[in-house]
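A, B, ... follow the sequence lines: proteins, then strands. Residue 1 opens every chain.
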There are 2 protein chains.
Amino acid sequence: MDDSPPRADAPADDRNGRRIVPGTASRADRPADRPAARTGRRYGNRPTMKDVAARAGVGLKTVSRVVNGEPGVTPDTERRVQEAIQALGFRRNDSARVLRKGRTASIGLILEDLADPFYGPLSRAVEEVARAHGALLINGSSAEDPAREQELALALCARRVDGLVVIPAGDDHRYLEPEIRAGVAMVFVDRPAGRIDADVVLSDNFGGARDGVAHLIAHGHRRIGFIGDMPRIHTAAERLRGYRAAMEDAGIPVAEKWISLGATDPERVRRAAEEMLSGPEPVTAVFTGNNRVTVTVIRVLSRHPRPVALVGFDDIELADLLQPGVTVVAQDAAALGRTAAERLFLQLDGDGAQVPPERIELPTRLVMRGSGELPPVQ
Amino acid sequence: MDDSPPRADAPADDRNGRRIVPGTASRADRPADRPAARTGRRYGNRPTMKDVAARAGVGLKTVSRVVNGEPGVTPDTERRVQEAIQALGFRRNDSARVLRKGRTASIGLILEDLADPFYGPLSRAVEEVARAHGALLINGSSAEDPAREQELALALCARRVDGLVVIPAGDDHRYLEPEIRAGVAMVFVDRPAGRIDADVVLSDNFGGARDGVAHLIAHGHRRIGFIGDMPRIHTAAERLRGYRAAMEDAGIPVAEKWISLGATDPERVRRAAEEMLSGPEPVTAVFTGNNRVTVTVIRVLSRHPRPVALVGFDDIELADLLQPGVTVVAQDAAALGRTAAERLFLQLDGDGAQVPPERIELPTRLVMRGSGELPPVQ
DNA sequence: CTGAAAGCGCTTACAG
DNA sequence: CTGAAAGCGCTTACAG
């Protein structure tokens, strides 16, 4: 932020091109208690049930009954309490309620990056299920950093979320064992938990990749490249395994220079793609390991002299409108999120822990749009 | 979820194609207290500071000092407390802490739809700022429903979030006045608050749309269509105003059949586009009011016999790789989120409420890629 | 350096 | 139908 935003009467543009217009209310228009409120102590002197009780001339418990819609209050008493609530602007403090009740009606979701288009629909699906169960959703991005994942997960446990949906960045989740034992529901999505036994919801990464690569082989390709994410990431490893299986099924020996695993930043991926597309025996087709890789490889191929076939893992928007359309192995991100969240509430609702951990695998779908059906061009 | 998941030893596919494999741990392997833990009462018998104190043979306050890293504890006492913490698997209950301290170190973000690619980067930016201030982020989607926005906002206030970043669905936010007065920080993003005076961070919707339409006019178009969102949405109204201003600046009278406002579902947008592209005097260019509209119109135009120029509000992924590339008025979603969140913490940190509401407007950027530079074809 | 008491704002368990 | 007391798990304010 700027240290000294413009305060002139006429709107002025600051050096970032932002236009800043002072609000229409002067400080004098504000309620006198605002400054005190803003100091942040005691929620800014918010009225409590005790205040409501005093004003309505009833006991604390009666206010609690009215606020929670419990029976056993005469209409007249109820009216008086409601009036006091209105007059004071009372809103129940759910953090106090939570302390007493033991359940917070909130769940956490830890994912890699909220800005990744794959996680938007997943996150929304988790939110919808949470909403249906009356729970709020706390979101956190691990940025693919195991330390940050752990920090976030434990912070959410300290807030006493009822459950946690985790897309793991790390590969050792023993640090969560005490939390699970203490009753925090836990479901892992997209990748399995490391070194603990817990519910996990996955796409069929192996099968999807194998089918995608087999599709390229069926269209005559033999020199097929694979560009994927860091091998320590489960999905990346599984998809590579699918690639190798398809090649082996077809009796095609794999040259290791056709394979590139690593960070998915555009620069690294571009170099990897250009490398396997050059030399005396370039690949005639590429299988890309996720949406970010696919997007970069599309850019590289669009500038490439020869047509090169492409199948990508994950669907991408507008894939059908490119020339050629992009053939993909699509996974259903929303279904992953929904299934995981439902599983979480199954754990939470089944009082008695009748829910042994399961591994649920969702199918992928090969969507043919053109790029995966191109014949090999030497 | 299934009522009766398969329990066979071999993996089986259920009718949705999901493969379910029972976990490797049998119930007997679980700690004996697990069933009780899962009933959800009392956070599953979690150890408290009192338990730690008893085990370490110290007072409650000493445990509190160690847990919070406060000074005034001998190394030996500290060690004994740490051992008890480890042995018991103690984790401080932040909801109790919050009740005493008055600040929850959490903020809320209410947006339209987490699954919309525009909100992913915005949400992530808010999260990063929150993280830098040690706060967690609670996310909620209003689904463009004012009632749901209000329900969410008030639920978050009941949880006593320290502040709220709101992308408004409704146009009357007086219901938030008591909360603001009680000290909840509040910033509106993307659209202004309705009927209350509050901080707001916007893109220059009017100027961006005007520039985009002027760009089409500069390339020779006179019959230019506008397809936008529902007119009650501020951004839609502003962008339409920009369209009209550009047309008026160029002395071009606007035929009302060139304008279509409404829901942004593909079906409605497709019909609107096809309508203005047909008849004796069809439009030769279209300005689309947001990313969802743009995507649908691209599909319509790709099947259209004549080339039609297109400029869209909001950038979209792969826009540069389409034929032609899609010219857009880009706004910086991450900057909107970051600016709003920084503003929120400015309110929170300025103890004394020295922060009068402001309206901050971020510039847009015209990105030329081909579709907006097509000449008119009658 | 250490800890007992009071209190944050609710709900629970109980008594009238 | 109504309410006083105790307690959820911490922190605050204070006394030793």
Side-chain angles (χ1 to χ4, degrees), chain A residues 39-81 84-85 88-105 157-160 162 182-183, chain B residues 39-81 84-85 88-105 157-160 162 182-183:
Chain A
T39 58
R41 273 204 316 275
R42 296 285 157 280
Y43 307 115
N45 310 315
R46 293 193 81 127
T48 69
M49 283 193 181
K50 203 173 149 194
D51 300 324
V52 174
R55 175 153 184 144
V58 300
L60 192 57
K61 177 62 196 170
T62 299
V63 177
S64 175
R65 285 198 181 90
V66 171
V67 169
N68 295 304
E70 288 166 22
V73 183
T74 49
D76 183 58
T77 310
E78 161 139 24
R79 193 183 43 69
R80 272 174 30 237
V81 172
I85 287 174
L88 263 38
F90 169 80
R91 182 169 321 284
R92 182 181 65 196
N93 183 340
D94 279 355
S95 1
R97 173 168 227 248
V98 149
L99 182 59
R100 210 44 249 250
K101 296 206 79 114
R103 280 240 185 142
T104 57
C157 290
R159 302 289 177 109
R160 296 297 188 263
D162 297 329
Chain B
T39 59
R41 274 202 317 273
R42 295 286 159 277
Y43 306 115
N45 310 316
R46 293 192 82 124
T48 70
M49 282 194 181
K50 203 173 149 194
D51 300 323
V52 175
R55 174 151 185 145
V58 299
L60 192 55
K61 178 61 196 170
T62 298
V63 177
S64 176
R65 285 198 180 89
V66 171
V67 169
N68 295 303
E70 289 167 21
V73 183
T74 49
D76 183 60
T77 310
E78 160 138 25
R79 192 183 43 70
R80 272 175 27 237
V81 172
I85 288 173
L88 263 39
F90 168 80
R91 184 169 319 285
R92 182 181 65 197
N93 183 339
D94 280 354
S95 32
R97 171 168 228 245
V98 149
L99 181 60
R100 214 37 254 248
K101 296 206 79 114
R103 279 239 185 144
T104 57
C157 289
R159 302 288 177 111
R160 296 296 187 266
D162 297 330

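Distance, A:L99 CG to C:dG9 P: 12 Å, rounded to whole Å. When the P atom of C:dC10 is taken as reference, atom CZ of A:R91 falls 12 Å away, rounded to whole Å. Atom CD in B:E78 sits roughly 14 Å away from atom P in C:dG3 (whole-Å rounding). B:K101 has its NZ atom 10 Å from the P atom of D:dA13, to the nearest Å. Distance A:D94 CG to C:dC10 C1': 10 Å, rounded to the nearest Å. Atom-to-atom, CG of B:N93 to P of D:dC8 comes out at 12 Å; the value is rounded to the nearest Å.
Using modelled atom types, no side-chain atom of A:R91 and backbone atom of A:R46 make a donor-acceptor pair closer than 3.5 Å.
Atom-to-atom distance recorded for A:N93:CG and B:R160:CZ is 4.0 Å, nearest 0.5 angstrom. A distance of 12.0 Å separates CG of A:D51 from CD1 of A:I85, quoted to the nearest 0.5 Å.
Within residues 47-59 of chain B, the residues that place at least one heavy atom under 4.0 Å from DNA chain C are, in residue-number order, B:V58, B:G59. For the segment residues 62-77 of chain A, residues with any heavy atom less than 4.0 angstrom from an atom of DNA chain D are, sorted by number, A:T62, A:R65, A:G72, A:V73, A:T74, A:T77.
Of all heavy-atom pairs spanning A:V58 and A:R80, the tightest one is CG1-NH2, 3.6 Å. The minimum heavy-atom distance linking A:V73 with A:R65 is given by the pair CG2-CB, 3.7 Å. When all heavy atoms are compared, the tightest approach of B:A56 to B:V81 is CB-CA, 4.0 Å.
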Set out, line by line, the N/O atom pairs under 3.5 Å between protein and nucleotides 5-7 of chain C.
unit_1: C:dG7; atom_1: N2; unit_2: B:R100; atom_2: NH1; d: 3.3
unit_1: C:dG7; atom_1: N3; unit_2: B:R100; atom_2: NH1; d: 3.0

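The side-chain contact (heavy atoms from CB on, under 4.5 Å) check on B:R92 picks up B:M49, B:V67, B:N68, B:F90, B:D94, B:R97, with sequence neighbours excluded. Applying the side-chain contact (heavy atoms from CB on, under 4.5 Å) criterion to A:R55, with sequence neighbours excluded, gives A:A84, A:A87, A:L88.
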- Item | Structure string for DNA chain D in dot-bracket form, Watson-Crick and G-U at under 3.5 Å, | interchain | |||.||||||||.|||
